[in-house]
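Lettering follows sequence order; numbering is per chain, from 1.
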2 protein chains.
Amino acid sequence: MRPSAKKIASVLRQKGHKLTAQRRAVINVVVNSGEHLAPAALYERVRRAHPAIGLVTVYRTLEMLHELGLICRVHRGEKHGYTLAPSGHHHHLVCTECGIVADFTDCDLEVLQQRLSQQTGFKIEGHLLQFLGYCRDCQGGT
Amino acid sequence: MRPSAKKIASVLRQKGHKLTAQRRAVINVVVNSGEHLAPAALYERVRRAHPAIGLVTVYRTLEMLHELGLICRVHRGEKHGYTLAPSGHHHHLVCTECGIVADFTDCDLEVLQQRLSQQTGFKIEGHLLQFLGYCRDCQGGT
DNA sequence: TACCTAACTGAAAACAAGTTTCATTTATAA
DNA sequence: TTATAAATGAAACTTGTTTTCAGTTAGGTA
């Protein structure tokens with residue numbers, strides 16, 4: 001389940017963070033977009049609701065939400081974007097055209113991981129798995 | 001098979017690129033290190049052999065080698081590094097401590113990819129898979 | 001309800017990785 | 001040897017992100 005704006009707000013409170021108008025605005029944008037948005041794009045949207053907000057605040061809010069595990073990062077080219085974090089281990093399928101993101105949870109990499117670990121002697125701590133392609137809407141164009 | 005310095009040099013020639021002392025120096029460093037090196041780190045090493053080389057040239061040479069498929073990029077944190085490219089499709093196991101890289105080729109993601117494609121309607125073009133952990137030598141410390 | 005203070009904010013400056021520009025140099029084909 | 005397209009290095013620039021710092025504010029307390 002993806003967390004709601006209310007849920008996120010209450011987590012902030014619980015952790016002793018203040019709930020400012022700026023943070024509310026950022027949270028709303030993140031909650032209401034299925035895309036993974038880069039900080040700059042997010043900033044643009046947030047400004048519609050809160051024109052005076054600074055880009056720095058957007059960065060700081062995203063950083064905080066990320067640390068609390070409420071949103072997560074996606075890699076797309078050099079920069080990265082953020083989306084709501086569904087609970088638990090999961091991966092992304094990113095549209096390289098429009099940035100929309102689909103989640104999936106079952107990656108079945110445990111077997112591969114274990115074998116690699118034995119073969120190489122590495123102590124594997126995690127993995128990075130992401131599919132890249134074109135979403136339904138972006139397949140026609142370009 | 002990982003290509004040798006000679007092999008790489010001859011590919012450059014074939015493609016009409018000039019074989020300068022700087023390029024030779026960059027190629028040597030890449031060939032002689034099992035680590036994935038960030039451009040800046042590579043630059044440091046290259047300077048031992050060729051003190052007058054510029055960072056720009058390192059970037060340009062890496063870019064060229066990458067385009068020719070002779071080396072490949074690895075993600076590590078925000079920046080990226082380069083290692084020799086073994087031929088064909090492959091992935092990396094990266095030590096987050098020292099940056100050493102192990103390759104592996106069999107990722108068995110076709111099944112997963114096909115299922116995701118059906119479920120989401122995405123036309124999947126590629127994937128990003130990388131394991132992160134500690135290599136044998138780095139497991140003790142820290 | 002007013003007040004207090006740590007937390008938060010925004011502007012500007014700083015930073016890091018990478019790229020572009022441009023005048024100079026050089027590998028290599030003729 | 002020479003001509004020239006390709007390559008180089010310094011410096012300036014770009015882009016994404018972080019730091020600094022003086023001023024503002026959320027929200028607990030009197």
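- Between B:H17 and D:dA6 there is no side-chain polar atom (N or O) within less than 4.0 angstrom of OP1 or OP2.
- Counting to the nearest Å, the P atom of D:dG9 and the CZ atom of B:R47 are 11 Å from each other.
- Listed nucleotides C:dA6, D:dT8, C:dT20 differ in distance to A:K18; the shortest reach to its side chain belongs to C:dA6.
- In summary, the aromatic rings of A:F131 and A:F104 are positioned with their centroids under 6.0 Å apart.
- Between the A:T61 side chain and the A:T57 main chain, a donor and an acceptor come within less than 3.5 Å of each other.
- Linking Ile, Leu, Val, Met, Phe, Trp and Tyr residues whenever their side-chain heavy atoms come within less than 4.5 Å leaves A:L128 and A:L93 in two separate clusters.
- Whole-Å rounding puts the B:M64 CE to C:dA27 C1' distance at 13 Å.
- The CG-P distance, from B:L12 to D:dT8, rounds to 10 Å in whole Å.
- If you take CZ of B:R73 and P of C:dG18, they are 8 Å apart, rounded to a whole angstrom.
- Mapping B:E63 and A:I53 onto DNA chain C by nearest heavy atom places A:I53 at the nucleotide closer to the 5' end.
- Of the candidate nucleotides C:dT28, D:dT8, D:dT25, C:dT28 has the atom nearest to the side chain of B:L19.
- Listed candidates were D:dG27, D:dG16, D:dG9. Nearest to the side chain of A:R13 is D:dG27.
- Protein atom CG of A:L55 is 18 Å distant from nucleotide atom P of D:dT20, rounded to whole Å.
- The residue B:A52 sits close only to the backbone: its heavy atoms come under 4.0 Å of sugar-phosphate atoms, none of a base.
- Comparing C:dC8, C:dT19, C:dT28 by their nearest atom to the side chain of B:Y59 picks out C:dT19.
- B:Q22 has a side-chain polar atom (N or O) that falls below the 4.0 Å cut-off from OP1 or OP2 of D:dG9.
- Residue A:T20 places none of its side-chain N or O atoms closer than 4.0 Å to OP1 or OP2 of C:dA7.
- Regarding contacts with the backbone of C:dT9, a side-chain N or O of A:R23 is found under 4.0 angstrom from either OP1 or OP2.
- Of the inter-residue distances, the one linking B:Q113 atom CD with B:D108 atom CG reads 12.0 Å to the nearest 0.5 angstrom.
- Looking at A:H91 and A:D103, their side chains never bring a donor and an acceptor atom within 3.5 Å of each other.
- The base of D:dG9 sits with one of its N or O atoms less than 3.5 Å from a complementary donor or acceptor on the side chain of B:R60.
- Going from atom CG of A:L62 over to atom P of D:dT18 covers 10 Å, rounded to whole Å.
- In this structure, OH of A:Y43 is placed 14 Å from P of C:dT9, rounded to the nearest angstrom.
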